[in-house]
Amino acid sequence: MATLHTKNAARAMMAPAVIVLLIWMIVPLAMTLYFSTLNYTLYNPFSTPFVGFENYSYFLTDPTFLAALANTLILVIGVLAITVIGGVLIALLLDQEFYGVNIVRLMVIAPFFVMPTVAALVWKNMMMNPVYGVIGQMLSAIGLTPIDWMTEVPLLSIVIIVAWQWLPFATLILLTALQSLSSDQKEAAEMDGAGALSIFWYITLPHMSRAITVVILIQTIFLLSIYAEILVTTQGGPGAQSTNITYLVAQQATSYGDIGAASAGGIVAVILANIVAIFLVRLIGKNLDA
Amino acid sequence: MARKVTTGRKIGTTIFAWFVGLVIFFPILWTFLTSFKTELQAISIPPVFVGFDWTLENYRTIQTQSNYFHFMANSIYLSLGSTALGLIFAIPAAWAMAFSPTRRTKDVLLWMLSTKMLPAVGVLIPIYLLFVRFGLLDSRLGLIVVLFLINLPILVWMLYTYFKEIPGEILEAARMDGASLSKEITQVLAPMAVPGIASTVLLNVILSWNEAFWTLNLTTSNAAPLTAFIASFSSPQGNFYAKLSAASMLAIAPILIVGWFSQKQLVRGLTFGAVK
């Protein structure tokens, strides 16, 4: 059916989307790469001498960079651990028979639709405020001293907020995978005398493994660029305790006006994200053949 | 599951599941309740759950004092504008990939996916400078274009997975029966493509509505959507919990409702068809 005529038509139909994405990808990235070799600040934008790799050595040797890199990893791994383990457990729960399953399902997925700035502010003020926050009041009620989440454990606070936002995503995808598992297998295992735990370990979990991989990879892409949640809660502080790479790069540009260093940081972020992206593209590419 | 579950166990599961659901939902529920309190009741110790004088005062204040509708209108413009623009580019592309695939179709799809993985912060500086240069900073048009570009890969992918499920033979059958091209499109293809396009639109509207990197960095007031409006509450202004709650509810309610209706399609869209 694919004659020369239809092939040309197909190319013409794909061309606009491909061309705009190509421009979107190449032009800004090339500019970032170019700026990253200049001594370019907003305070003196008319003199931008070439400095080679100086911005990179400045950005990479800045102690804040190492802190931000560590924070980025803690943020990604912490949120992944909570959402994957929590997601598996909640998906198993929602797969059971109980009254009002649809309503509980709606409640569980709701946080995913809450915009990041709302989620962060609601948690910061109404949940985690040491005096008026619900968590603080609950702790006081049972005789414990409430902590000031945003200053005492800033990174943990952000992990909790972001995990709350992404838990529904993991749950929804894992539940979808779980519901495609035929009950025959489980019933056969039960007849052979397998306990609930070994059914979970040897049948359910392997069945969900691909969905878990997808959740991990897709979330990592988004979690590497957490920004709004930090901006409206801790602003990266105290010090750099809750600054991640994305926030650090944006800060270099918006607060310090250092376009050169920010661009170098941007390129570093691109390289980090690409390492993850390679795995994800391979996984989805494999699936495309199936 | 076809297995019989005893009533006792079912009730036990029910209690536990509702507890878990309520814990996860609690911040939203609490925001909802607080939005109907006075500022004093909002910070009362111990907190009150439902036994307070319900008032619409906060919603009125939000409407009159801050120009909430300005931000709301921007959110609507940005999400619908970027979605419409996206469909114009994505439908033909996905259509061609699904119905006349070539050897390179798969590579193009994966390449599109990889552009989505470019961290925004890597291209923030040039986009910002280009926006300044062309006077697009804080303009709706500029943001519509950016949102369109960041979501285009998802649009193409999602439409592609839907279109691929339309059997190609049905087109040939229609042609054999002497259907003209316009009839082929309006009476055969469109009815089958509409559900897929509709769920793609929903997902794209949700993603654009909640996007908070570009909208925060490229706007100040004129084109600022609800994400930026809410962020303006982050600076302490005394007791403002009830107003913050009302503003938050207004910002999330439309998309929460849309999201609840489209939860099934969401999985497919967000996993690029890897989990169905």
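Labels below follow one simple rule: chain letters A, B, ... track the order of the sequence lines, proteins then strands, and each chain is numbered from 1.
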Hey, could you give me the [atom1]/[atom2] distance between [X] and [Y], rounded to the nearest 0.5 Å?
X: B:T14; Y: A:F98; atom1: OG1; atom2: CZ; answer: 7.0 Å
X: B:I252; Y: A:M115; atom1: CD1; atom2: CE; answer: 8.5 Å
X: A:M13; Y: B:S100; atom1: CE; atom2: OG; answer: 7.0 Å
X: A:T254; Y: B:N217; atom1: OG1; atom2: CG; answer: 6.5 Å
X: B:F25; Y: A:W164; atom1: CZ; atom2: CH2; answer: 9.0 Å
X: B:W30; Y: A:W123; atom1: CH2; atom2: CH2; answer: 13.5 Å

I'd like to know which of [options] tops the heavy-atom pair count under 4.5 Å against chain A.
options: B:L124, B:V23, B:I91, B:L129; result: B:L129
options: B:A17, B:A96, B:A212; result: B:A17
options: B:F89, B:W260, B:F229; result: B:W260
options: B:G86, B:A93, B:A120, B:A228; result: B:A93
options: B:W111, B:F26, B:W95; result: B:W111
options: B:V258, B:V146, B:T13, B:I11; result: B:T13

[X] versus chain B, the contacting section by heavy-atom distance below 4.5 Å:
X: A:R105; value: side chain
X: A:I23; value: neither
X: A:L106; value: both
X: A:V268; value: neither
X: A:L175; value: neither
X: A:I226; value: neither

What are the two closest heavy atoms between [X] and [Y], and how far apart are they?
X: B:I24; Y: A:V108; answer: CG2-O, 3.9 Å
X: A:A250; Y: B:V121; answer: N-CG2, 4.0 Å
X: A:F35; Y: B:P126; answer: CE1-CA, 4.2 Å
X: A:T117; Y: B:T227; answer: OG1-O, 3.2 Å
X: B:L256; Y: A:A110; answer: CD1-O, 3.6 Å
X: B:I230; Y: A:L121; answer: O-CD1, 3.1 Å

Using non-hydrogen atoms only, which part of [X] is less than 4.5 Å away from chain A: side chain, backbone, both, or neither?
X: B:L149; value: both
X: B:F148; value: side chain
X: B:L226; value: both
X: B:I255; value: both
X: B:A90; value: neither
X: B:L22; value: both
X: B:T34; value: side chain
X: B:S75; value: neither

Given side-chain contact (heavy atoms from CB on, under 4.5 Å), test A:Q96 with B:R9 step by step and report yes or no. CA-CA 10 Å; A:Q96 308 291 315; B:R9 188 173 155 198; 3.2 Å; yes
Pick from [options]: which one has the most heavy-atom pairs with chain B under 4.5 Å?
options: A:F222, A:F169, A:Y34; value: A:F169
options: A:S36, A:P116, A:A262; value: A:P116
options: A:M25, A:Q235, A:Q137, A:M31; value: A:Q137
options: A:P16, A:A15, A:S225, A:A273; value: A:P16
options: A:A120, A:P111, A:P168, A:A253; value: A:P111
options: A:L94, A:T233, A:I103; value: A:I103

With A:M126 as reference, evaluate B:S245, B:S248, B:P27 under the side chain to side chain contact (heavy atoms under 4.5 Å, CB included) test and give the passing residue. B:S245
Show the numbers, then the answer: is there a side-chain contact (heavy atoms from CB on, under 4.5 Å) between A:L21 and B:M112? CA-CA 7 Å; A:L21 275 178; B:M112 282 192 172; 3.7 Å; yes
Using a 3.5 Å distance criterion without hydrogens, assess whether the side chain of [X] forms a donor-acceptor pair with backbone atoms of [Y].
X: A:N125; Y: B:Y241; result: no
X: B:W18; Y: A:Y99; result: yes
X: A:W24; Y: B:I150; result: no

Using the rule given for side-chain contact (heavy atoms from CB on, under 4.5 Å), can you reason through A:F113 versus B:W209, listing the C-alpha separation, both sets of side-chain angles and the distance that settles it, and then say yes or no? CA-CA 9 Å; A:F113 305 117; B:W209 188 276; over 6 Å; no
